[in-house]
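Throughout, protein chains are lettered first and strands after them, A, B, ... in sequence-line order, and every chain is numbered starting at 1. Only this structure's heavy atoms are used, side chains among them; waters, hydrogens and symmetry mates stay out.
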Amino acid sequence: MSYWLFKSEPETFNINDLAKKPNKTEHWDGVRNYQARNFIRDDIKKGDQGFFYHSSCKVPGIAGIFEIVKSGYPDYTAWDPTSDHFDPTCSSDDPRWFMVDVRFVKKFDRIFTLDEIKNNPVLEKMAVARRGNRLSITPVTEHEWKTILKLA
DNA sequence: GCCAACGTTGGC
DNA sequence: GCCAACGTTGGC
């Protein structure tokens, strides 16, 4: 089993939104970056777990945990002209973008902040702590995962 | 609202 | 295939 960190802007979609979905499950669509796409298509498997990270907000940090309930499949919003994530250059017989389904597991009692990540010697090397990092999906090591669970 | 970082686009 | 311009992300 692998661990991941998914970023989302809480004004758009946050951990409470996920918890309120039917079956507490939602597809994670709209990833339009090749590196993140490759993780979704090739590496993220059913049963993996992820941190739900809130970005571009007052207190950026990890809000809780989800699990992967369906591994990568074509992100159909790329073919939907009414979607914000529509990609007009993407043909329907050759899926370019992928998504996974995630299910709410738990919400932390508090936000485990980016500041705490940066100031922890175990966590400071996490991609999310690097200045200028824009990748919305990044791998998390087991050591990092357990360290955060202990402290959150 | 500013600006650094960096992925993408497009001219050559 | 190089690289400058541009657009977006995201912390501050």
Side-chain angles (χ1 to χ4, degrees), chain A residues 2-21 26-44 48-68 71-102 104-141 143-152:
Chain A
S2 305
Y3 302 101
W4 305 93
L5 182 145
F6 285 27
K7 288 187 202 171
S8 180
E9 298 187 19
E11 283 182 26
T12 307
F13 186 66
N14 62 50
I15 187 103
N16 293 325
D17 296 329
L18 178 59
K20 279 184 287 195
K21 290 286 174 186
E26 177 66 305
H27 47 264
W28 197 281
D29 63 11
V31 172
R32 295 291 180 270
N33 167 284
Y34 286 104
Q35 213 180 332
R37 187 282 309 269
N38 292 345
F39 287 138
I40 291 177
R41 190 188 56 186
D42 306 331
D43 301 322
I44 300 180
D48 285 359
Q49 290 188 289
F51 287 132
F52 196 123
Y53 180 89
H54 287 175
S55 68
S56 288
C57 55
K58 201 166 180 187
V59 185
I62 297 165
I65 297 173
F66 58 81
E67 66 176 319
I68 306 296
S71 60
Y73 61 104
D75 179 347
Y76 51 77
T77 65
W79 301 317
D80 177 1
T82 66
S83 168
D84 288 344
H85 307 302
F86 178 55
D87 180 353
T89 68
C90 185
S91 85
S92 59
D93 51 3
D94 180 25
R96 177 180 307 158
W97 305 115
F98 286 74
M99 59 186 173
V100 292
D101 288 356
V102 302
F104 175 87
V105 172
K106 74 176 285 190
K107 180 183 173 181
F108 290 158
D109 295 333
R110 63 191 187 86
I111 297 287
F112 187 83
T113 65
L114 176 60
D115 205 48
E116 289 175 87
I117 292 170
K118 286 181 171 173
N119 288 310
N120 185 306
V122 176
L123 307 175
E124 63 186 3
K125 291 194 180 64
M126 289 179 71
V128 75
R130 275 203 302 272
R131 174 196 182 85
N133 164 68
R134 292 168 20 188
L135 195 56
S136 64
I137 294 179
T138 49
V140 174
T141 69
H143 192 198
E144 290 161 351
W145 181 268
K146 289 181 172 166
T147 299
I148 290 169
L149 284 194
K150 226 178 291 173
L151 298 172

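Pairs engaging residues 5-16 of chain A under the salt bridge (Lys or Arg N to Asp or Glu O under 4.0 Å) rule: none recorded [sequence neighbours left out]. Sequence neighbours left out, the pairs with a member in residues 110-124 of chain A that pass salt bridge (Lys or Arg N to Asp or Glu O under 4.0 Å) are Arg110(A)-Glu116(A). Sorted pairs that involve residues 49-60 of chain A and meet side-chain hydrogen bond (donor to acceptor under 3.5 Å, both in side chains), not counting sequence neighbours, are lacking altogether.
By the side chain to side chain contact (heavy atoms under 4.5 Å, CB included) test, Asn16(A) is found to be paired with Asn14(A), Lys107(A), residues two or more places apart in sequence or in another chain being considered. Residues forming a salt bridge (Lys or Arg N to Asp or Glu O under 4.0 Å) with Arg32(A) (at least two apart in sequence, or on another chain): Asp75(A). Under the side chain to side chain contact (heavy atoms under 4.5 Å, CB included) criterion, Tyr73(A) pairs with His27(A), Lys70(A), Met99(A), Asp101(A), not counting sequence neighbours. Scanning for side chain to side chain contact (heavy atoms under 4.5 Å, CB included) contacts around Lys146(A) gives Glu142(A), with sequence neighbours left out.
Contacts between residues 115-122 of chain A and DNA chain B, counted as heavy-atom distances below 4.0 Å, involve no residue at all.
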Under 4.0 Å protein heavy-atom contact, by nucleotide of nucleotides 3-9 of chain C - B base, S sugar-phosphate only: ----BBB
